[in-house]
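Below you'll find the structure, written out as structure tokens, and then a few comments.
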Amino acid sequence: MSHDQASYLELLARGAAAEAYDRPLLLARASGAGPDELAALDQAKQLALRVRAELEGRRRREAELSALFETAHDLAGLRDLDAVLRAIVQRARSLLGTEVAYLSLNDPSAGDTYMRVTEGSVSARFQQLRLGMGEGLGGLVAQTARPYVTDSYFDDPRFEHTRAIDTAVSDEGLVAILGVPLMLGSQVIGVLFAADRRARVFEREQVALLASFAAHAAVAIDTANLLAETRSALAELERATEIIRDHSGVIERASEVHDRLTEVVLRGGGVHDVAAALSEVLDGTVEFRDDDLEAPGADGHAVRHGDDWVAAVSAGGELLGALVLRGHRDLDPVDQRTLERAAMVTSLLLLARRSAHEAEQRVRGELLDDLLDAADRDPRLLRERAARLNADLDIPHVVLAARIDAPGADATGRDAAGRGSDAGDTAERETADRQRLWSAASHLAATRSGLAAARDGGTVLLLPLGPRDSASELARQTARQLGGTLRELVTVGASSPVAAPAGDPGPIAGAYEQARRCLDALRLLGRSGQGAAAQDLGFLGLLLADPGDIDGFVQRTMGEVVDYDRKRGTDLVRTLDAYFASGMSPARTKDDLHVHVNTVAQRLERIGRLLGPDWQSPGRALEIQLALRLHAMSTSVAR
């Protein structure tokens, strides 16, 4: 690595601005560096910028999660509702990078909504604004219970513009506004906003982040209202000490659940930790289920299911599972809300785990792509990237090519009856199959400390080879595991072992080609759904392992027949293949080809003149059949 290239590492280390990454290239160009050096520097620059963007993205996600965890902590120790709401608005403004953020609450008695908390606002008129239901962006959000965003408020015809609202927004100078509803179950209690005094586009992730803060704000308001209701009940029911004691116990359990759930989130626990904490506090058995449980209420409320209580775990309309409380036929309303809040925390944990898993899959795929496409990568950097994924690239590995095969399909995509699929009907299914295969292969690679990437219409894996393992057994295991997971026929071809990919990535690309050829051979041999390495295929495997003379072998063995068909448009190769497939019976051959037996005899006579009189002897017949297979594989790959 040159000094100029190393400077990009220094820029990354000190967190330099993006503009600074142009300087090394400009200096090199000014000093008269050659085209190769400039190209290498430009490549290093692009890689450094990608790393910088990844680091910035991770820092941003860490900041977002930290803010969410801090908000959850504030809720656990709730003392001052206004202070919690101000903290939520301040964090929303900071993380979304807007000039203004504010929160409004609905007034059921007046039938409108009013400003409760503002941050960054300078207009008294705006801070005292009240919006009728359906008026302005906030009124529309409060009425429809859906997020709305506009990059230019005054030019947006979707909202009902009134003089009072437009004047207040104009006084504040707002242009771009994002509003998300504050929900308690299916009820909208207010709106959380982020706004700028200039036109901007709010990304989907920013909408989701603001919605998360809105959920916390709704919990804070609901908890404060619950505490107020509890105080009122205690004051009114002084004489009912037993009722007060029971109610106090419920409140204590709710508070304990809040503390326990906050602890689970902060220490990085999982969904089963949430269930365990809830089981102890609610004095019952709570389990998380993600199987074919009958869908509970979609409005966020816990519902009774026989003798059990079920709370949906969902996000963005997607049902992720449910929390099931066993053996509590009657449940206090506060405990119901506790179960519902636990379901909300569970959904946040599942979404965080899904995001982390998807990010890890992408990183594993990128590292494998680099090993396949860029053999000149720095071994030290490869080892560091692999170590972060718990992969050891200094031990032997095997490259495997995998593909989903429809029952009866051959390598050309035609079924057993010779019919081709309509591309328009199957494109969507094939795309879905490739995605499912990549996802299953990525999970398998993660459990085996390997790598996986989508490639060439299928999936490629790089898996470590144990001391007692073989490439053949690894291919068979992979085909069984992927096929069992997907409930499909998954064919897997394996390469010969690669000694140490990190030290010398060069052989990886060749090993992948060898695995692909083995995969094609398995499909041509009618072994779809199986796994094998080149050495499992006998003489065919030897040709696959070193295919340099495949074309020469085919030409020497049956080249005159192939040339004859090409020049005269005849069908001798197909006749030859059908003849061997029918057990060298002319009668069965004519049935397969749907021609007269005399036509078959004439073609066989022509083949005999081209190949010589001994072409049907056992030795020659074996070679010709092998050449036919190789010729079919080469023509299918070419197509």
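Computation of the quantities below employed the complete heavy-atom set of this structure, encompassing side-chain atoms and omitting hydrogens, waters and symmetry-equivalent molecules. Since this is a predicted model, take the numbers as computed values, not measurements.
- Among residues two or more places apart in sequence or in another chain, the side-chain hydrogen bond (donor to acceptor under 3.5 Å, both in side chains) test is passed with Glu287 by Arg326.
- The salt bridge (Lys or Arg N to Asp or Glu O under 4.0 Å) test applied to Arg198 returns Asp196, not counting sequence neighbours.
- Taking 4.5 Å as the limit, some side-chain heavy atom of Ile189 sits within range of a side-chain heavy atom of Ile221.
- No side-chain heavy atom of Val149 sits under 4.5 Å from any side-chain heavy atom of Ile177.
- Between Ile404 and Asp433, the shortest heavy-atom contact is CD1-O, 3.5 Å.
- Screening residues 164-200 for ring-ring contact (aromatic ring centres under 6.0 Å, His included), with sequence neighbours left out, gives Tyr102-Phe193.
- Listed by first and then second residue, the side-chain hydrogen bond (donor to acceptor under 3.5 Å, both in side chains) pairs involving residues 135-150 are Thr150-Asp156 (not counting sequence neighbours).
- Not counting sequence neighbours, the partners of Asp82 by the side-chain hydrogen bond (donor to acceptor under 3.5 Å, both in side chains) test are Arg116.
- Residues forming a side chain to side chain contact (heavy atoms under 4.5 Å, CB included) with Asp222 (at least two apart in sequence, or on another chain): Leu184, Arg337, Arg341.
- Remark: Asp112 pairs with Arg130 by the salt bridge (Lys or Arg N to Asp or Glu O under 4.0 Å) rule, at least two apart or across chains.
- Residue pairs meeting the salt bridge (Lys or Arg N to Asp or Glu O under 4.0 Å) criterion with at least one partner in residues 168-183, sequence neighbours excluded, are Arg125-Asp171, Glu172-Arg197.
- For Arg163, the CZ atom sits in a loose shell: 12 or fewer heavy atoms of surrounding residues, nucleotides or ligands are nearer than 6.0 Å.
- Contacts of Arg455 classified as salt bridge (Lys or Arg N to Asp or Glu O under 4.0 Å), with partners at least two apart in sequence or in another chain: Asp369, Asp373.
- The side-chain heavy atoms of Leu192 and Val89, taken from C-beta on, include a pair separated by under 4.5 Å.
- Listed by chain and number, the residues in a side-chain hydrogen bond (donor to acceptor under 3.5 Å, both in side chains) with Gln46 amount to none (sequence neighbours excluded).
- Not counting sequence neighbours, Glu203 has no partner by the salt bridge (Lys or Arg N to Asp or Glu O under 4.0 Å) test.
- Under the side-chain hydrogen bond (donor to acceptor under 3.5 Å, both in side chains) criterion, Thr98 pairs with no residue at all, not counting sequence neighbours.
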